[in-house]
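Here the structure is laid out as structure tokens; the discussion comes afterwards.
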Amino acid sequence: MLFNSYEYLIYFLPAAVLGFFAFGEHPRWAVRWLVVASLFFYGWWNPAHLPLIIASISVNFWLAHQIQRSRVRHRWLVAGAAANLALLGVFKYADFLLRTLAQLELIPPIELGLSLPLGISFFTFTQIAFLVDVSRDKASEPSFDNYALFVTFFPHLLAGPIIHHSEMMPQFQSTSNKLADWHNVAAGLFLLAIGLSKKVFLADPLVPLVTAGFDHAQTIGLVQAWLSALAYTLQIYFDFSGYTDMALGAALIFNIRLPINFDSPYRALDLRAFWHRWHITLSRFLREYVYVPLGGNRAAEVRVLANLLLTFLLGGLWHGAAWTFVCWGALHGIGLCIVRLWRRRGRPLPAPIAWAITFGFVVVTWVFFRAHSVNDAWAIIRAMTGVSATTDWPSVHALMLANIAAICALAAGTLIVFTHRNSNDLVHSFAGSWIAAAAATAALTLAVLQLSTVAPFLYFNF
Amino acid sequence: MVNANGPPSRFRRWAAGVLGATGTALTLVAGINAVVDPFQQYRLAAAFPPRFYSLHHRWINPGIAKHAAYETVLIGSSIMESTRNGWIAAACGGPAVNLSMPAISAAEIRTLLDTVFARRAPHLVILVLDFNAFAGRPDARQDSAGPIPLYLYDRNPFNDLPYLLSGTVLKKSISIIAGRADESFRSDTDAPWFWGDRFRFGTAEVLQGLDPTNINARFEQPARTLAGTDASFAHNILPALQRHPDTQFDLVWPPYSMFVWRDFEQRGQLDVTFDFKRDVARAVSGLKNVAIVDLQTHAEVTTNLDTYMDIYHFSPQVNRWMIERTCAGADRVDAATVAGAEARLRAALAAWSPPSTAAR
């Protein structure tokens with residue numbers, strides 16, 4: 001079920017909230033209600049994947065208990081992590097591997113053709129992190145209901161944020177959280193309205209401009225290439241951060257505070273700061289469960305740089321089983337290595353130059369993230385540099401005329417990204433004013449009326 | 001409990017106010033759209049003249065299928081849109097309805113048939129089978145067809161929110177109430193999707209932009225495989241024929257211009273096409289309620305380019321002729337005679353010389 005769908009907004013969310021608070025006096029049943037609601041939410045798209053997630057939760061809960069009780073914890077942890085990664089590997093990466101081997105002519109062309117269960121990366125990594133923390137005595141969970149809710153809680157289930165056991169379980173265990181808190185309900189609604197508006201009024205209108213460029217990568221002109229790349233830069237931000245706002249808003253209505261995932265990332269002055277502001281919970285996960293175990297900063301400089309590069313290669317691959325994602329991850333890894341070396345020199349760049357380099361790098365690397373192939377990505381980047389393309393002004397004019405709504409969204413989005421307070425700030429200072437009420441009402445009403453042509457969220461396949 | 005930002009009653013009022021105002025506004029919109037019902041999903045237009053908006057077949061046809069009175073149904077692609085309901089009724093009997101849609105796929109034919117039969121089984125269903133409808137996977141649709149609002153094809157009102165709460169539909173509703181004609185539409189219930197009066201037909205039109213040595217360059221039609229077309233027919237069409245033995249189904253192979261067959265020849269699609277026709281004849285051979293009408297052997301029609309606007313689309317006179325031939329019981333083929341029809345068509349193709357480009 002999409003957050004920007006009628007069935008979610010009109011039927012599912014109100015029913016889930018009412019049911020949860022109706023069970024408020026019986027916290028265990030409130031939790032169970034939310035688990036069932038979350039599984040219904042998950043199964044709405046493809047019920048065939050429900051047994052998979054239920055089995056994954058059950059096996060991991062059992063593994064956690066084995067790890068706690070065993071004297072050979074490490075073996076259980078390795079087995080658990082391997083089982084989770086195998087599941088992910090079969091569904092997400094097997095065909096990529098088979099295709100690559102076939103392209104190298106090592107095997108005949110063959111594909112498993114399995115459909116990718118929604119959110120599999122999110123619920124798999126959440127549970128691997130839990131097993132790791134159990135093995136370190138940093139986590140334990142005796143209640144299957146609470147554990148199942150930790151994994152399935154529908155606001156984060158499909159596209160994050162990636163949650164950590166330690167920040168969620170106390171909230172799920174709290175009995176007072178099962179009673180309605182009107183501040184949280186109002187603030188959650190406010191955040192949901194912001195997120196829906198980002199998706200409907202800013203991200204979706206940019207799609208035609210993005211598609212016009214990325215679908216014609218080999219013949220694209222200089223200005224069109226930049227327009228498409230910038231449009232995608234804003235589209236992916238408003239789409240994903242809008243989705244996250246809706247997730248955080250829905251969770252807040254249930255008195256659950258999910259970790260923030262975005263903090264005005266395009267204002268970052270270097271790539272390291274960007275990754276502290278973009279998909280924050282993924283950065284945290286990669287740092288704690290990949291980079292630090294590899295040795296992190298506590299190694300020789302060359303090893304640290306290799307750790308950074310490897311972490312971001314895996315980060316790229318986490319987003320999707322394609323070489324475009326690997327290239328994107330590798331470029332960010334290399335970029336972070338350069339930033340690290342530069343910082344060691346102790347000569348910071350002037351802020352405007354630092355920002356321009358960082359933002360330019362992010363825009364260019366998004367081309368790999370969105371392109372249909374590495375070849376297409378290179379073609380667009382060559383066009384952006386002016387090496388392979390010139391400016392055909394009549395066709396630029398025609399493109400802009402045909403995509404007026406997208407150009408308006410591009411202008412408005414740019415203004416908002418660089419000058420406006422972000423949603424975290426807005427909800428933090430939320431005081432229930434009537435201006436906010438009028439804005440939320442208008443936003444919710446107009447956004448719902450725009451939903452007829454629903455575009456799927458970009459992050460659903462990751 | 002007092003929150004740092006204010007007392008709870010304030011936030012309660014805020015949330016109730018936002019939800020109440022939003023709910024009221026959306027209910028109002030849904031009410032207007034349900035009452036005006038621009039796509040005729042809940043009733044045929046009565047209070048206002050009907051509006052058959054250009055290229056809105058996929059939104060409006062399910063409503064017509066659910067609410068119109070008919071005993072005969074015609075379903076086909078854009079080539080059949082210029083067939084008047086009155087022509088079908090006169091030739092085939094009973095009130096009739098034409099539910100053809102541009103670029104219709106076999107999967108969409110199945111969906112439309114489900115909607116038709118959920119209402120009441122008609123006496124006669126005429127399915128004009130476009131080869132391209134069977135290209136790709138059995139559930140494939142042409143990208144150019146746009147989205148299909150499947151929620152309108154069932155009778156579940158609870159999934160109609162995309163219709164009832166659509167801003168686009170609201171705009172149409174207001175336009176209808178205000179009597180404004182700010183969009184392109186027809187109001188002729190006898191021929192909702194008729195386009196034959198807006199285009200010119202003739203050899204010059206057919207040859208416009210056509211490269212006789214690479215005919216498909218202009219149309220970019222997909223390649224088909226026999227396994228794919230057979231699977232699509234078995235998945236989408238055959239079950240409906242078997243499930244409704246009391247309804248007569250006439251499966252019609254339409255008279256494309258001879259250029260189409262030359263195009264198939266150029267693309268190596270000729271054998272696939274003939275094999276598919278043979279397989280369809282075999283597949284329905286045991287079904288007493290199914291007849292196959294092959295109008296593709298009429299070389300006097302398919303070589304007369306003056307009745308075409310391009311290599312696929314013919315004039316309304318041809319539509320009428322097709323319906324009359326079909327309901328007169330002419331041009332029937334079956335598993336035994338399909339090979340003869342194929343031989344005649346192959347011979348006509350071999351004997352045909354396309355008009356020179358000087359005809360432009």
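Just so we're on the same page: letters track the sequence lines, and every chain starts at 1.
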Problem set entry | Value rounded to 0.5 Å, distance of CG in A:Leu451 from CG in B:Leu161 | 10.5 Å

Problem set entry | Approximate separation, where rounding is to 0.5 Å, of A:Glu7 CD and B:Asn159 CG | 9.0 Å

Exercise. With side chains defined as the heavy atoms from C-beta onward, is the minimum distance between B:Trp14 and A:Leu189 less than 4.5 Å?
Worked result: yes

Taking atom [atom1] as the centre, does [X] end up with more than 12 heavy-atom neighbours from other residues, nucleotides or ligands that are less than 6.0 angstrom away?
| X | atom1 | answer |
| --- | --- | --- |
| B:Arg110 | CZ | yes |
| A:Ile435 | CD1 | no |
| A:His49 | NE2 | yes |
| A:His26 | NE2 | no |
| B:Trp195 | CH2 | yes |
| A:Glu25 | CD | no |
| A:His420 | NE2 | no |

Exercise. Would you find a donor on one side and an acceptor on the other, under 3.5 Å apart, between the side chain of A:Tyr6 and the backbone of B:Leu165?
Worked result: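 Here the side-chain-to-backbone pair exists.
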
Exercise. Counting only N and O atoms by type, is there a donor-acceptor contact under 3.5 Å from the side chain of B:Arg10 to the main-chain atoms of A:Ala431?
Worked result: yes

Identify each donor-acceptor pair in which a side-chain atom of residues 13-21 of chain A lies under 3.5 Å from a protein atom, sequence neighbours left out, and give them as a table.
none

Seminar exercise, completed: Contact list (residues 439-449 of chain A to chain B, heavy-atom gap under 4.5 Å, by number) returns A:Ala440, A:Thr441, A:Leu444, A:Thr445, A:Val448, A:Leu449

For this session: Can you label the angle between the A:His183 ring and the B:Phe11 ring as parallel, tilted or perpendicular, going by 30° and 60°?
Result: perpendicular

Exercise. Contact part of A:Ala436 toward chain B, heavy-atom cut-off under 4.5 Å: side chain, backbone, both or neither?
Worked result: both

Problem set entry | Under 4.5 Å from any heavy atom of chain B - which part of A:Tyr11 |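 Only the side chain of A:Tyr11 comes within 4.5 Å of chain B.
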
For this session: Select, from A:Ser433, A:Ala187, A:Ala193, the one with the greatest count of heavy-atom pairs under 4.5 Å involving chain B.
Result: A:Ser433

Exercise. Of all residues at least two apart in sequence or in a different chain, which pass the salt bridge (charged side-chain N to carboxylate O under 4.0 Å, His left out) check with B:Asp154?
Worked result: none

For this session: Against chain A, label B:Val18 side chain, backbone, both or neither, depending on which of its atoms sit under 4.5 Å from a heavy atom there.
Result: both

Problem set entry | Sorted by number, residues from residues 35-55 of chain B in contact with chain A (heavy atoms, under 4.5 Å) |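 Residues in range: none.
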
